[in-house]
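First the proteins, then the strands, lettered A, B, ... as listed; each starts at 1.
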Number of protein chains: 2
Amino acid sequence: MKKGKKEKLERAGWVVGGAEEFLDLSDAEMALIDVRVSLAKALRHRRQKMKISQATFAKRVGSSQSRVAKMEAGDPSVSIDLLLRSLITSGSSAEEIGRVIAAAGLDPATV
Amino acid sequence: MKKGKKEKLERAGWVVGGAEEFLDLSDAEMALIDVRVSLAKALRHRRQKMKISQATFAKRVGSSQSRVAKMEAGDPSVSIDLLLRSLITSGSSAEEIGRVIAAAGLDPATV
DNA sequence: TGACATAATGTCTAATCTGACATATCTTCT
DNA sequence: AGAAGATATGTCAGATTAGACATTATGTCA
């Protein structure tokens with residue numbers, strides 16, 4: 001496992017359980033979490049820029065306030081599909097989303 | 001609806017039903033299909049570059065031959081989540097995937 | 001402080017998605 | 001033609017994810 005992996009997961013709010021389960025987290029899973037968290041941040045920024053509440057945003061994209069909260073939190077119960085759908089429905093372009101994903105996992109200081 | 005939308009959907013192999021249902025397809029749905037199809041192509045290219053069969057590829061990413069076939073076909077029953085998971089598990093970087101998504105929906109001749 | 005808006009968390013049932021399997025349809029050989 | 005390998009298609013039971021709702025927490029005013 002790479003240096004700082006567990007810390008990174010925990011910063012992102014993930015329950016990684018004991019060391020045993022954690023060792024089972026593959027690099028692929030890590031990368032996917034990075035993508036999820038990046039999209040989650042992009043979604044929150046987008047909504048905040050619109051200056052609307054989670055409830056209002058939820059109505060516009062056809063979801064619920066609680067699910068929007070979970071989306072923005074990068075909750076494991078939210079699929080990347082839903083994040084993409086919400087971003088696009090709210091007006092993000094594929095190009096914007098592509099850039100977000102391309103930058104996923106990079107150290108924010110270097111981005 | 002934008003010009004050529006239905007034709008585009010049909011080229012991608014989607015059953016769009018009658019005109020009524022088709023009119024219900026929003027621009028957001030179109031954009032998501034573009035993303036799915038782009039990722040599907042990227043996955044096929046990746047596997048072909050590796051010179052392995054769908055069955056072999058399936059084992060490596062923890063799926064089945066039939067599902068890999070559906071992934072590469074951009075079948076509606078395949079989630080974007082699964083496409084991303086398979087790409088990353090097979091070694092694609094977030095940056096590569098980001099570029100693929102950013103180019104989604106663009107006219108191939110211009111890309 | 002209390003009232004009010006907003007955001008977070010937990011939990012349901014319904015809907016969607018998955019791997020697996022069977023089977024059919026190519027492709028590429030001899 | 002026919003055997004063999006690869007790919008496509010259809011289906012299904014089990015797993016995952018969805019919106020919805022209730023509840024709790026966190027502001028943010030007067």
Side-chain angles (χ1 to χ4, degrees), chain A residues 10-15 17 21 24-26 28-29 32-33 35-37 39-90, chain B residues 10-15 17 21 24-26 28-29 32-33 35-37 39-90:
Chain A
E10 287 169 345
R11 245 184 291 127
W14 287 67
V15 177
E21 293 106 353
D24 288 338
L25 281 176
S26 69
E29 287 174 297
L32 278 169
I33 289 172
V35 169
R36 190 200 305 268
V37 169
L39 292 173
K41 285 180 183 166
L43 190 72
R44 170 159 286 170
H45 288 151
R46 177 147 199 92
R47 178 183 63 82
Q48 288 178 337
K49 205 168 184 179
M50 293 174 171
K51 303 205 191 237
I52 57 180
S53 68
Q54 290 180 344
T56 302
F57 187 86
K59 281 218 169 176
R60 297 215 193 152
V61 302
S63 186
S64 61
Q65 180 270 322
S66 59
R67 200 134 283 276
V68 170
K70 281 158 192 162
M71 284 188 225
E72 295 185 353
D75 190 282
S77 82
V78 177
S79 72
I80 293 180
D81 263 274
L82 182 59
L83 283 165
L84 289 178
R85 235 181 301 140
S86 300
L87 277 167
I88 286 183
T89 301
S90 71
Chain B
E10 286 169 345
R11 246 184 289 126
W14 288 68
V15 177
E21 293 104 352
D24 289 337
L25 280 176
S26 68
E29 287 174 296
L32 277 169
I33 290 172
V35 168
R36 191 201 304 269
V37 170
L39 292 173
K41 285 180 184 166
L43 190 72
R44 170 159 286 171
H45 287 152
R46 178 148 198 91
R47 177 182 64 82
Q48 287 178 336
K49 205 167 184 179
M50 292 175 170
K51 302 200 190 241
I52 57 180
S53 68
Q54 290 180 344
T56 303
F57 187 85
K59 281 217 168 175
R60 298 215 192 151
V61 303
S63 186
S64 62
Q65 180 269 323
S66 60
R67 201 134 284 277
V68 170
K70 282 159 192 160
M71 284 188 226
E72 295 185 353
D75 189 282
S77 82
V78 177
S79 72
I80 294 179
D81 263 275
L82 183 59
L83 283 164
L84 290 177
R85 233 181 301 141
S86 301
L87 277 167
I88 286 184
T89 300
S90 71

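Less than 4.0 Å separates DNA chain D from at least one heavy atom of each of the following residues of residues 47-57 of chain B: Arg47(B), Ser53(B), Gln54(B).
One N or O on the side chain of Ser90(A) and one on the backbone of Leu87(A) form a donor-acceptor pair closer than 3.5 Å. With Glu29(B) contributing its side chain and Ser26(B) its backbone, the two residues share a donor-acceptor pair below 3.5 Å.
Pairing for dA4(D) is with dT27(C), a Watson-Crick or G-U wobble pair whose two hydrogen-bonding atom distances lie under 3.5 Å.
Atom CD of Gln48(A) sits about 11.0 Å away from atom CZ of Phe57(A), to the nearest 0.5 Å. Atom CD of Glu72(A) sits about 10.0 Å away from atom CG of Leu83(A), to the nearest 0.5 Å.
When every heavy atom of Val61(A) is checked against every heavy atom of Ser86(A), the shortest pair comes out as CG1-O, 3.9 Å. For the pair Leu84(A) and Leu32(B), the tightest heavy-atom approach, listed with the atom from each and the gap, is CB-CD2, 4.1 Å. Nearest approach of Ser77(A) to Arg67(A), heavy atoms of both residues: O-NH1, 3.5 Å.
A nucleotide of DNA chain D counts as in contact with chain B when one of its atoms lies under 4.0 Å from a heavy atom; the first and last such, 5' to 3', are dT7(D) to dT11(D).
Between Lys59(B) atom NZ and dC21(C) atom P the separation is 10 Å, expressed in whole Å.
Across the interface with DNA chain D, nearest-nucleotide mapping of Asp81(B) and Arg67(B) shows Arg67(B) to be the residue nearer the 5′ end. Residue whose closest nucleotide on DNA chain D sits further toward the 5' end, between Ala69(B) and Lys70(A): Ala69(B). Comparing Ser79(B) and Ser66(B) by the nucleotide of DNA chain C whose heavy atom lies nearest to each, the residue mapping closer to the 5' end is Ser79(B).
Sparse packing is recorded around CZ of Arg60(A), with 12 or fewer heavy atoms of other residues, nucleotides or ligands lying under 6.0 Å away.
Using a 4.0 Å heavy-atom criterion, one finds that Val68(A) contacts no nucleic acid atom at all. Using a 4.0 Å heavy-atom distance criterion, Ser63(B) is classed as a sugar-phosphate-only contact.
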As a quick check of understanding, evaluate side chain to side chain contact (heavy atoms under 4.5 Å, CB included) for Thr56(A) and Lys59(A), giving each step before the final call.
CA-CA 5 Å; Thr56(A) 302; Lys59(A) 281 218 169 176; 5.8 Å; no
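Nearest nucleotide to the Gln65(A) side chain, out of dG10(C), dT18(C), dA8(C): dA8(C).
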